[in-house]
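Contents: one structure, followed by commentary.
Numbering starts at 1 and runs along the sequence shown.
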Amino acid sequence: EEAEALVFDCLDKLKKGDFSDDLFEAQRMSMLTSRIRATENLSQLANLFLEMETTGQSYEEFLAETERIKTITKEEVIAIANKYFGNDYLNVRSKMGSTPKDKVEKPNWKPLEAKNTNVKSDFAKMIEAEEVPEVTPQVIHFGTDVKITDISEGFKLYSSINNVNDIFELKFHFNYGTNDDPDLDKACSYLSLQGTETKSFHDLSLELQKMGASISVYPNENYTVVSISGFDADIDQLLRLCHEMLYQPTNDESKIQTLVDEALTNLKASRDDASTWGTAVKEYVLYGDKSTFLNHTSIKEWGKRSGEELLAEVAEALKYDGYVTYSGGHYPDVLAKSIRKHQILPSNPLKGEESVRVENTYNKPQVFVAHNKKFRQSNIGFYVPGEKLSLEDEAMAGLFSKYFGTDMYSIIFQEIREFRSLGYTAYASYLYDWLERIPGHLYGYLATQSDKTIDGISAMLELITDMPVREEKFNASKEALLKSRASNYIGFRSKPNSVRYWIMQGYDHDPRAETTEVIRKAEFQDVIGFYNRNIKDRPVIIMMSGNTKKINKKELCKFGELTKLKYNEIFRE
């Protein structure tokens, strides 16, 4: 009832025009920005065209509507609100309760047997006869498509020109992340809820929204990222605001409780979320106490920290070296000068290093299970430790994954889902560290009903330990991979990071053509050789969350030494 009253109070204010011009302008700019960005890459355009097709709107009408947003007035919004938000509404309420759960018995069906696999229908022949024009693969040129500019000590700028619109993205990457400070994500969230010495949090947020801009601070494992987005014309003003946010923040400690409440809400939701449990088991098995679900301060203890301590955590991250990426309309030399002017980067940065978590080693098959009686689905991971890969084997890993388990025509999809109906989701892929600091590994996943768990695991293990040999599938996989690589277009927003990664790998040019050539020359025996070297005869580690009361534990033990995991072994609250 309280929430309902708040909603209707807001509607009344909307109908009376009881909202500021600044708020109206902020929402108008937010809507305009999102529509402009909806046309800046192929994927977004595809989704946009699909939406227009289903609603009967033309692209010209979409563009006209976008222009119309620029001239909409506050009075028009008030009039529309009064026209539609009257007293003739339907109120639907639901109360907390529990619904009876239906029990679905596993049907006693035999797996489908694939017959006439070498025969093609007339329709298939017609599709194959269609002429598909060759796609010229994209090549990104270092120094032209992406310019590399020294900004200051310890920082290079990787920039690409935006010829699509006048919205820029600028990201500062500081070489200090959650691998260095596991609680850094919450500290960054605290900073993001602060104002500055000259602006309250509300005023700062409103000013950014009025410009159709955003400034955010967040970490990943290796970096703390400060991201700025907005219109080219506002870049100096946004850099000034960014400096204030980073180096002159307020310290409103009431925001700590806001973050604690949010964390507790997320925790409550995850306690009975099968997917989250499955990920937590995987993290525990692979990384032990370095699991992201364990390697952090408990919510209770974190809530006792002072705001000063939290801001100091972010300030520590900003002392490190790193790199900067940019896509927009400004020349890199001019941008570098503005960045130096607004003192975003440290003058004498500390030297950081990209690090990677090392997986635990296993030399025999094992099964790790976390039980929750509320789960009706088993989330099962399969891990096979491997070796560091050569350049050729990295290319072969992609071809193997395509053939074995990542697409709808792969071995795993066909065997697990189509022939035997043993999973809602099933896939497998060979993963490796792009800088080859740690060995690669096969990771497979199966989500299935509790009563299909044993059958599902047995089927997946059969495929992993004795890969089926089906050359016709290899040919389809190879052709599909070559076509997808040829059409793999890196957009202007992603070019700077791509070039930086390639440079870190030792390249001075776009290496994709070389990798594609390895795949083009590959024979089926190369994929079999990759499997034999990196997967066959190695231990398979099974990681699972589910309701073990509905699973035959004796059968489960046949897959390896069984370890039962309790909630507090995989989660730290």
| If only atom types and distance count, is the side chain of Ser306 paired as donor or acceptor with the main-chain N or O of Glu309 below 3.5 Å? |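 Side chain of Ser306 to backbone of Glu309: a pair is present.
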
| query | Counting N and O atoms only, with roles assigned by atom type, does the side chain of Thr276 sit under 3.5 Å from a partner on the main chain of Ser270, one being a donor and the other an acceptor? | reply |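 No, the answer is negative, given that no donor and acceptor are paired below the 3.5 Å cut-off.
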
Would you please indicate yes or no on a ring centroid separation below 6.0 angstrom for [Y] and [X]?
{"X": "Phe530", "Y": "Tyr430", "value": "yes"}
{"X": "Tyr320", "Y": "Phe174", "value": "no"}
{"X": "Tyr223", "Y": "Tyr323", "value": "yes"}

| query | For Ser298 and Arg572, does a side-chain donor sit closer than 3.5 Å to a side-chain acceptor? | reply |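 Absent: no donor and acceptor within the cut-off.
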
| said: If we count only N and O atoms by modelled type, under 3.5 Å, do the side chains of Ser327 and Asn162 hold a donor and an acceptor together? | reply: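 Side-chain D/A pair, Ser327 to Asn162: absent.
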
| query | Got a sec, which residues hit salt bridge (charged side-chain N to carboxylate O under 4.0 Å, His left out) with Asp166, two or more places apart in sequence or on another chain? | reply |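 Counting only residues at least two positions away or on another chain, Asp166 forms no salt bridge (charged side-chain N to carboxylate O under 4.0 Å, His left out).
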
Short N-O contact, [X] and [Y], less than 4.0 angstrom:
{"X": "Lys388", "Y": "Asp433", "value": "no"}
{"X": "Glu313", "Y": "Lys319", "value": "no"}
{"X": "Glu283", "Y": "Lys290", "value": "no"}
{"X": "Glu569", "Y": "Lys566", "value": "no"}
{"X": "Lys282", "Y": "Glu359", "value": "no"}
{"X": "Glu262", "Y": "Lys186", "value": "no"}

| Is the Lys NZ or Arg CZ of Lys495 less than 6.0 Å from the centre of Tyr158's six-membered ring, within 45° of the axis? |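 Judged by the rule, Lys495 and Tyr158 form no cation-pi pair.
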
| query | Relative to each other, are the rings of Tyr326 and His330 parallel, tilted or perpendicular (30° and 60° limits)? | reply |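 Tilted: the ring planes of Tyr326 and His330 meet at 30° to 60°.
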
| Which class fits the ring pair Tyr383 and His441: parallel under 30°, tilted 30 to 60°, perpendicular over 60°? |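 Correct class here is tilted.
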
| said: Tell me which pairs pass side-chain hydrogen bond (donor to acceptor under 3.5 Å, both in side chains) where either residue lies in residues 238-251, with sequence neighbours left out. | reply: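 Applying side-chain hydrogen bond (donor to acceptor under 3.5 Å, both in side chains) to every pair that reaches into residues 238-251, excluding sequence neighbours, yields Tyr190-Asn251, Gln194-Thr250, Thr196-Glu244, Thr198-Glu244, Arg240-Glu244.
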
| message | Side chains of Asn534 and Leu389, heavy atoms from C-beta outward: is any pair under 4.5 Å? | response |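 Yes, their side chains come closer than 4.5 Å.
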
